[in-house]
Amino acid sequence: MIKREARSALEEVLGDHVRFGVSMAKHTSLRVGGRADAIASPASPAELAGALRVCHSHGLRHTVLGKGFNTLVRDEGIDGLVLLLGGLRELEERPGLLLRAGAGVSHSQITRFCVERGFAGLEFAAGIPGTVGGWVAMNAGIGSREAKDVVREIEVVSPTGRRRRHLRRASLHFRYRALRGLAPGSVVVSALFAVGLADREAVRAEVALKLAARARTQPLNIPSCGSVFKNPTGDFAGRLIEAAGLKGLQVGGAQISPVHANFIANTGGASAADVLALIEQARDRVERESGVRLETEVKILGRAA
Ligand SMILES: Cc1cc2nc3c(=O)[nH]c(=O)nc-3n(C[C@H](O)[C@H](O)[C@H](O)COP(=O)(O)OP(=O)(O)OC[C@H]3O[C@@H](n4cnc5c(N)ncnc54)[C@H](O)[C@@H]3O)c2cc1C
C-alpha cells in the first residue's frame, strides 16, 4: 500500500501518467501476475527522475520495466511503483554512424529506422521483442551476438533520480544476459549504438531472414516470455528440457511449448503460480536427467507467496 502523502507526491510529479492498483498481467508478455501498488509511464527523462526522487524521499520501492517481455510477476503482485519506460521513444541519427535511442524505443522501431536508412549491424536483433532499456539491461541477443557488440554508450539515471551519467562501453560490465556494475535501481534512459552503412535492400533482406527464422522456431502467436532458462555453457536449455521429455508438459494454463522447449506458453488463464510450478518441475527433471541445474533468464518479480 502506498501512503497518502507518497501518492499525492507521485500524482504531483506524474499527473495522469501514474495509476494505482494496476494488474501486471496487462504489462507483461506472459499475461500473468497480480497488481502493482502503482505504475507510471513517464513521458520524459525529467519526469522519470522526478518519480525516482519521490520514491527515494518517501521510502517507496521502485521497479523498472520496458515492455515486460522478459518478466514474470507473481500472483501476489508487486510492492511500490513500477516504472514502465515505453514512453521514452526518441530515436535519432548522430554524427559518426551512431544511433541514439531512448529506453522505450522498441526493436521493431529500430529495425524500421535502420532499413529505411540502410544502416547495418543491428539486424541480428530483429524480432527480439521489448525495448532498448530491456535490451541493454538483459544484454539480449541471439547466437553469438548480443547488445554488448553494438552499444557504444548508455545514459543512466541514479536510483535517487538526482544524477544522470553517460557511461562508455569500456566501463560497462556486460555478461551473458546481464549488465552488471550499475547501482541497483539505476535506470537506463538511452543508449548509443554503432551502425555501418549498407545497401537498403540488403539490410531489408537480412531482417526478413531473421524474422522468418524466428517464425519457424518460436511460438510467436501465444503469450510467453521467450527463453525461460539461460543456456548452460556448451549446451542449450531447450535441448535439455526436450531430452527430459518435457515438451508439452502442462500445469494449469501454462505449458512447455511443443514448438520450443525453452518457452513456457500461457495457453489461456494461466496464473503466475502455474508458470512457476512448471519452471521448478523443468529444473528438477533436467537436473535429475542430465545433472545440469538450469538458471532462469526470465526475471521473477513480486511479493513472495
Ligand atoms: C517471443 C519472444 C522472443 C524472445 N527472443 C529473445 C531473443 O532472441 N534473445 C533475447 O535475449 N531475449 C529474447 N526474448 C526476451 C526479451 O525480448 C528480451 O529480454 C528483451 O530485451 C526484454 O525487453 P523488455 O523491454 O520487454 O524488458 P523487461 O521484461 O521489461 O525487463 C527485463 C529486465 O530489464 C530491466 N530493465 C528494463 N528496462 C530497463 C531500463 N530502462 N533500465 C534498467 N533496467 C531495465 C528490468 O528491470 C528487468 O530486469 C524474447 C521474448 C519473447 C516473448
Side-chain angles (χ1 to χ4, degrees), residues 24 27-31 33 36 39 41-42 45 48 52 61-73 78 81-89 101-110 124-149 151 154-159 164 167 172 174-191 210-211 213-215 217-231 236-238 257 259-260 262-266 275 296-302:
M24 288 305 296
H27 297 286
T28 50
S29 57
L30 259 168
R31 300 276 175 257
I39 67 166
S41 308
L48 164 71
L52 289 170
R61 182 183 296 188
H62 73 267
T63 303
V64 189
L65 290 185
K67 286 277 167 75
F69 278 102
N70 197 59
T71 298
L72 166 60
V73 177
I78 184 161
L81 178 69
V82 175
L83 287 156
L84 302 170
L85 296 197
L88 307 185
R89 288 172 61 94
V105 171
S106 66
H107 277 283
S108 48
Q109 206 184 332
I110 290 197
F124 75 92
I128 298 181
T131 63
V132 161
W135 190 18
V136 171
M138 290 302 302
N139 189 23
I142 185 150
S144 60
R145 311 257 358 245
E146 300 171 317
K148 73 167 177 24
D149 302 325
V151 168
I154 62 173
E155 188 183 1
V156 177
V157 172
S158 67
R164 207 155 139 182
L167 303 173
L172 299 173
F174 284 108
R175 300 286 182 267
Y176 172 50
R177 297 296 174 266
L179 168 60
R180 306 248 185 262
L182 301 182
S186 299
V187 186
V188 176
V189 286
S190 72
K210 301 292 179 213
L211 295 179
R214 271 178 195 277
T217 55
Q218 298 182 352
L220 299 181
N221 298 321
I222 191 159
S224 81
C225 60
S227 294
V228 171
F229 296 104
K230 294 181 184 177
N231 289 324
F236 294 96
S257 168
V259 179
H260 189 315
N262 199 17
F263 278 50
I264 290 180
N266 179 351
V275 179
T296 46
E297 175 173 325
V298 61
K299 299 287 179 188
I300 300 167
L301 305 178

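All ligand and atom numbering here is 1-based and tracks the order in the structure.
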Close N or O approach (Gly130, ligand 1; < 3.5 Å) = no
Spell out, as yes or no, whether a donor-acceptor pair under 3.5 Å connects the side chain of Ser224 to the backbone of Gly226.
-> yes
Distance filter under 4.0 Å to Ala140 heavy atoms, resulting ligand 1 atoms = 10 (C), 11 (O), 21 (O)
May I ask you to identify the nearest protein heavy atom to atom 40 (C) of ligand 1, giving residue, atom name and distance to one decimal place in Å?
-> Val64 CG1, 3.6 Å
Pairwise distance CG(Asn70) to OG1(Thr28) - rounded to 0.5 angstrom | 11.0 Å
Does at least one non-hydrogen atom of Arg214 fall below 4.0 angstrom from an atom of ligand 1?
-> yes
Ligand-residue contact atoms, ligand 1 with Gln218, heavy atoms, under 4.0 Å | 3 (C)
How many angstroms lie between CD1 in Ile78 and CE in Met24, if you round to the nearest 0.5 Å?
-> 6.0 Å
Any idea which heavy atoms bring Asn139 and Ala147 closest together, and the distance?
-> OD1-N, 3.2 Å
d(Leu30 CG, Ile264 CD1) to nearest 0.5 Å is 8.0 Å
For atom CZ of Arg145, is the number of surrounding heavy atoms from other residues, nucleotides or ligands below 6.0 Å larger than 12?
-> yes
Just which atoms of ligand 1 are under 4.0 Å from any heavy atom in Thr71?
-> 28 (P), 29 (O), 31 (O), 32 (C)
Trp135 CH2 to Ile110 CD1 distance, which is reported to the nearest 0.5 Å | 5.5 Å
Per-residue contact class, Leu85 against ligand 1 - non-hydrogen pairs under 4.0 Å | side chain
May I ask you to list the atoms of ligand 1 that are less than 4.0 angstrom from any heavy atom of Ser186?
-> 43 (C)
Determine whether the side chain, the backbone, both or neither of Thr28 has a heavy atom under 4.0 Å from any heavy atom of ligand 1.
-> neither
Point-to-point distance, once rounded to the nearest 0.5 Å, from NZ of Lys67 to NE2 of His107 | 11.0 Å
Give a yes/no on ligand 1: does Arg177 have at least one heavy atom closer than 4.0 angstrom to it?
-> yes
Which residue supplies the protein heavy atom nearest to atom 26 (O) of ligand 1, what is that atom called, and how far is it?
-> Phe69 N, 2.8 Å
Please answer whether the main-chain N or O of Leu220 pairs with a side-chain N or O of Arg214 as donor and acceptor at a distance below 3.5 Å.
-> no
Just let me know how Ala137 lines up against ligand 1, side chain, backbone, both or neither, with a heavy-atom cut-off below 4.0 Å.
-> side chain
Might you confirm whether atom NZ of Lys148 has over 12 heavy atoms from other residues, nucleotides or ligands at distances under 6.0 Å?
-> yes
Can Glu146 and Phe174 be said to form a side chain to side chain contact (heavy atoms under 4.5 Å, CB included), step by step?
-> CA-CA 9 Å; Glu146 300 171 317; Phe174 284 108; over 6 Å; no
Filtering Thr131, Val132, Val187 for the heavy atom nearest atom 25 (O) of ligand 1 leaves Thr131
Which heavy atom of the protein is the closest neighbour of atom 33 (C) of ligand 1, given with residue, atom name and distance?
-> Met138 SD, 3.7 Å
Protein contact of atom 49 (O) of ligand 1 - nearest heavy atom, named by residue and atom, plus distance = Lys299 CG, 3.4 Å
Please report which non-hydrogen protein atom sits nearest to atom 17 (O) of ligand 1, along with the residue it belongs to and the distance in Å to one decimal place.
-> Pro129 O, 2.5 Å
Got the closest protein heavy atom to atom 41 (N) of ligand 1, with its distance?
-> Val188 O, 2.9 Å
Donor-acceptor contact present, side-chain His62 to main-chain Gly185, <3.5 Å | yes
In this structure, atom 19 (O) of ligand 1 is nearest to the protein heavy atom Asn70 CB, 3.4 Å
So for Pro219 against ligand 1, with non-hydrogen atoms under 4.0 Å, the contacting part is neither
Using a 4.0 Å heavy-atom cut-off, say whether Ser227 meets ligand 1 through its side chain, its backbone, both or neither.
-> neither
Looking only at protein heavy atoms, which one is nearest to atom 13 (C) of ligand 1, and how far off is it?
-> Ile128 CG2, 3.9 Å
Cys225 neighbourhood, listing ligand 1 atoms whose heavy-atom distance to it stays under 4.0 Å | 51 (C), 52 (C), 53 (C)
Min N/O separation Gly127 to ligand 1 under 3.5 Å = no
Just distances here: any N/O of Leu220 and N/O of ligand 1 closer than 3.5 Å?
-> no
Could you tell me whether Phe236 atom CZ has more than 12 heavy atoms of other residues or ligands within 6.0 Å of it?
-> no
Quick one: which of Ala178, Gly134, Gly68 has a heavy atom closest to atom 28 (P) of ligand 1?
-> Gly68
Ignoring hydrogens, just give me the one of Gly141, Gly226, Pro223 whose non-hydrogen atom is nearest atom 10 (C) of ligand 1.
-> Gly141
Side chain Arg177, main chain Gly141, donor-acceptor under 3.5 Å = yes
Can you sort out which atoms of ligand 1 are near Trp135, meaning under 4.0 Å from one of its heavy atoms?
-> 21 (O)
Given Thr131, Val105, Val187, the one that forms side-chain contact (heavy atoms from CB on, under 4.5 Å) with Leu85 = Val187
Pairwise distance NZ(Lys299) to SG(Cys225) - rounded to 0.5 angstrom = 12.0 Å
